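Worksheet for the structure shown next.
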Amino acid sequence: MASIKDVAAEAGVSVATVSRVLNDHPSVSDDARTRVLTAVQTLGYRPNAVARSLRTDQTRTLGLVISDVMNPYFTELARSVEEAARALGYSVIIGNADERPDLQDHHVRTLLDRRIDGLLVSPTDGGSPLMLEAARAGTPMVFVDRWIPGVDVPVVRADGQAAIRDLVAHLCRLGHRRVAIIAGPAATTTGSERVRAFREALAEHGVPLPDAYTGQGDFQAESGRRVTEGFLDLPEPPEAVFAADNLMALGALDAIRARGLRVPQDIALAAFDDIPWFVHTDPPVTAIAQPVGELGRAAVRALVDRIEGRHPRSVTLPARLVVRRSCGEGRDEHQTPVQRSTS
């Protein structure tokens with residue numbers, strides 16, 4: 001592999017001149033600049049990124065801490081962040097928090113120690129002293145999808161409240177009155193926001209949400225399975241279940257099928273966070289879709305603005321309801337839901 005000394009010898013200039021050219025210093029003559037750049041191309045020389053970062057105090061690296069890499073929503077978000085960052089000349093180091101605050105803070109601490117230029121985080125809870133400290137210290141940071149109230153950094157997220165209202169109206173038109181929710185962790189902003197929006201939307205239609213129809217999940221499949229089993233054991237099980245994320249919806253589907261019940265004939269199912277898998281289930285799942293690619297790109301733009309000294313505003317994009325066939329769609333919307341099988 002060619003060194004900077006090899007480039008200097010090939011171009012017939014000093015090592016210092018090569019360094020000035022590579023750092024775009026204005027004091028280099030056009031002739032010397034041309035010879036150095038020709039030598040760089042001829043030898044295939046690649047500057048040492050670590051050494052350059054020590055000189056410029058920049059690593060051209062962003063950190064991304066996502067809540068759960070197994071969740072297709074966050075996988076797609078990470079992909080869009082990486083693509084957007086690469087287009088702007090940045091690399092991305094990803095840390096998976098696995099919905100654990102301690103693991104989240106471990107990744108944040110490690111990334112800061114590696115001298116990243118900026119940090120994107122989807123917080124697993126609302127009380128990380130480490131991120132509050134990093135924000136106060138001036139670390140360029142942007143929250144994506146979730147946020148921590150009271151931490152003064154831009155937030156890039158989707159507003160699901162209108163889509164949840166659309167979903168509730170859709171369920172009511174289909175005749176569902178006993179409606180339950182598998183909620184996400186109350187410590188996360190998305191967890192608390194979705195259950196609140198669902199409760200308020202039901203109230204607008206005169207539909208109560210009893211405590212027995214509110215199950216506490218953790219945004220992972222096993223909790224969706226466990227909560228749904230509890231719903232099905234009730235003396236009067238719900239007619240429809242709304243899972244506040246896609247993995248909990250898949251867990252709910254497993255629990256329903258394990259009882260020999262059918263979706264939507266015996267119980268309706270809807271989810272927040274649409275994923276490609278939902279069109280391949282039987283039946284395809286009605287879901288609320290977030291503009292994941294746009295969120296990732298907007299988050300990177302906001303973070304690079306912070307790194308470069310600008311002051312970006314928070315960005316809120318709309319989510320939308322995608323109607324398929326898991327809630328009884330296709331039947332006469334004015335008839336009552338099909339009676340649940342007792343077998």
Side-chain angles (χ1 to χ4, degrees), residues 62-82 85 92-114 116-161 183-197 216-220 223 244-248 272-273 290-292 295-303 306-307 312-317 319:
L62 309 180
L64 170 64
V65 180
I66 55 176
S67 304
D68 184 2
V69 74
M70 295 297 291
N71 187 322
Y73 167 80
F74 285 111
T75 304
E76 185 179 351
L77 180 67
R79 178 179 179 179
S80 67
V81 164
E82 195 278 331
V92 179
I93 301 175
I94 300 174
N96 172 36
D98 201 26
E99 297 292 357
R100 289 171 44 192
D102 61 322
L103 194 52
Q104 163 196 275
D105 284 0
H106 164 77
H107 288 306
V108 169
R109 190 175 295 106
T110 299
L111 289 167
L112 293 176
D113 288 345
R114 291 193 176 194
I116 57 168
D117 295 336
L119 184 62
L120 291 168
V121 185
S122 178
T124 59
D125 70 357
S128 170
L130 176 61
M131 276 190 281
L132 179 59
E133 178 185 335
R136 286 175 174 168
T139 302
M141 187 186 309
V142 170
F143 290 142
V144 57
D145 184 68
R146 308 174 188 177
W147 65 99
I148 298 178
V151 179
D152 186 21
V153 302
V155 179
V156 176
R157 67 184 187 97
D159 180 5
Q161 295 185 69
T188 64
T189 48
T190 48
S192 59
E193 182 182 76
R194 290 170 193 173
V195 72
R196 182 175 64 252
Q216 187 63 62
D218 61 6
F219 285 143
Q220 297 186 326
S223 69
D245 94 321
N246 48 47
L247 292 184
M248 294 193 301
F272 203 102
D273 282 340
Q290 299 194 74
V292 190
L295 288 173
R297 291 187 289 273
V300 170
R301 288 195 299 269
L303 183 57
R306 287 292 297 264
I307 292 168
R313 295 181 178 180
S314 293
V315 175
T316 302
L317 301 173

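Source: prediction; values computed, not measured. Residue numbers start at 1 and run along the sequence shown.
- Here the side chains of Asp273 and Phe74 are not in contact, with every heavy-atom distance at 4.5 Å or above.
- Here CD of Gln104 is found 11.0 Å from CG of Asn96. Values are rounded to the nearest 0.5 Å.
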Residues Ile66, Ile94; criterion side-chain contact (heavy atoms from CB on, under 4.5 Å); working and verdict: CA-CA 7 Å; Ile66 55 176; Ile94 300 174; 4.2 Å; yes
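- A 4.5 Å side-chain heavy-atom check between Asp245 and Thr190 finds every atom pair outside the cut-off.
- Counting only heavy atoms from C-beta outward, the side chains of Leu111 and Ile93 approach each other to under 4.5 Å.
- Looking only at side-chain heavy atoms (C-beta outward), Asp98 and Gln220 come within less than 4.5 Å of each other.
- Considering every non-hydrogen atom in both Gln290 and Ala158, the closest pair reads OE1-CB, 3.0 Å.
- Here the closest non-hydrogen pair linking Ser192 and Ala186 is CB-O, 3.9 Å.
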Criterion side-chain hydrogen bond (donor to acceptor under 3.5 Å, both in side chains) on Ser67 and Thr124, from CA distance to verdict: CA-CA 6 Å; Ser67 304; Thr124 59; over 6 Å; no
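- Thr139 contributes a side-chain N or O that, together with a main-chain N or O of Ala134, makes up a donor-acceptor pair within less than 3.5 Å.
- Of all heavy-atom pairs between Gln216 and Gly184, the closest is NE2-O, 2.6 Å.
- In this structure, the side chains of Val153 and Ser314 stay at 4.5 Å or more apart for every pair of heavy atoms.
- Between atom CG of residue Leu77 and atom CD of residue Glu82 there is a gap of 12.0 Å, rounded to the nearest 0.5 Å.
- Atom NE2 of residue His106 and atom CG of residue Leu130 lie 11.5 Å apart, to the nearest 0.5 angstrom.
- Legend: salt bridge (charged side-chain N to carboxylate O under 4.0 Å, His left out) pairs involving residues 136-157, not counting sequence neighbours, sorted by first then second residue: Glu99-Arg146, Arg157-Glu193.
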Audit row: Thr316, Asp159, side-chain hydrogen bond (donor to acceptor under 3.5 Å, both in side chains) steps and yes/no: CA-CA 6 Å; Thr316 302; Asp159 180 5; over 6 Å; no
Worked check of side-chain contact (heavy atoms from CB on, under 4.5 Å) between Thr188 and Phe219: CA-CA 10 Å; Thr188 64; Phe219 285 143; 3.6 Å; yes
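- Atom CZ of Arg79 has 12 or fewer neighbouring heavy atoms from other residues, nucleotides or ligands inside a 6.0 Å radius.
- The two residues His107 and Ala97 have their closest heavy-atom pair at CD2-N, 4.2 Å.
- Side-chain contact between Leu303 and Pro140 is present, with heavy atoms from C-beta onward closer than 4.5 Å.
- Using a 4.5 Å heavy-atom threshold, the side chains of Met248 and Phe272 count as separate.
- Annotation: salt bridge (charged side-chain N to carboxylate O under 4.0 Å, His left out) contacts involving residues 100-113, sequence neighbours excluded, comprise Arg100-Asp102.
- The two residues Pro312 and Pro154 make their nearest non-hydrogen contact at O-CG, 3.8 Å.
- Using a 4.5 Å cut-off on side-chain heavy atoms (C-beta onward), Val300 and Val92 make no contact.
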Verdict with supporting geometry, Val155 and Val142, side-chain contact (heavy atoms from CB on, under 4.5 Å): CA-CA 6 Å; Val155 179; Val142 170; over 6 Å; no
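- Results of the side chain to side chain contact (heavy atoms under 4.5 Å, CB included) test with Phe143 over Val151, Val156, Leu119, Leu120 single out Val151 as the only residue that passes.
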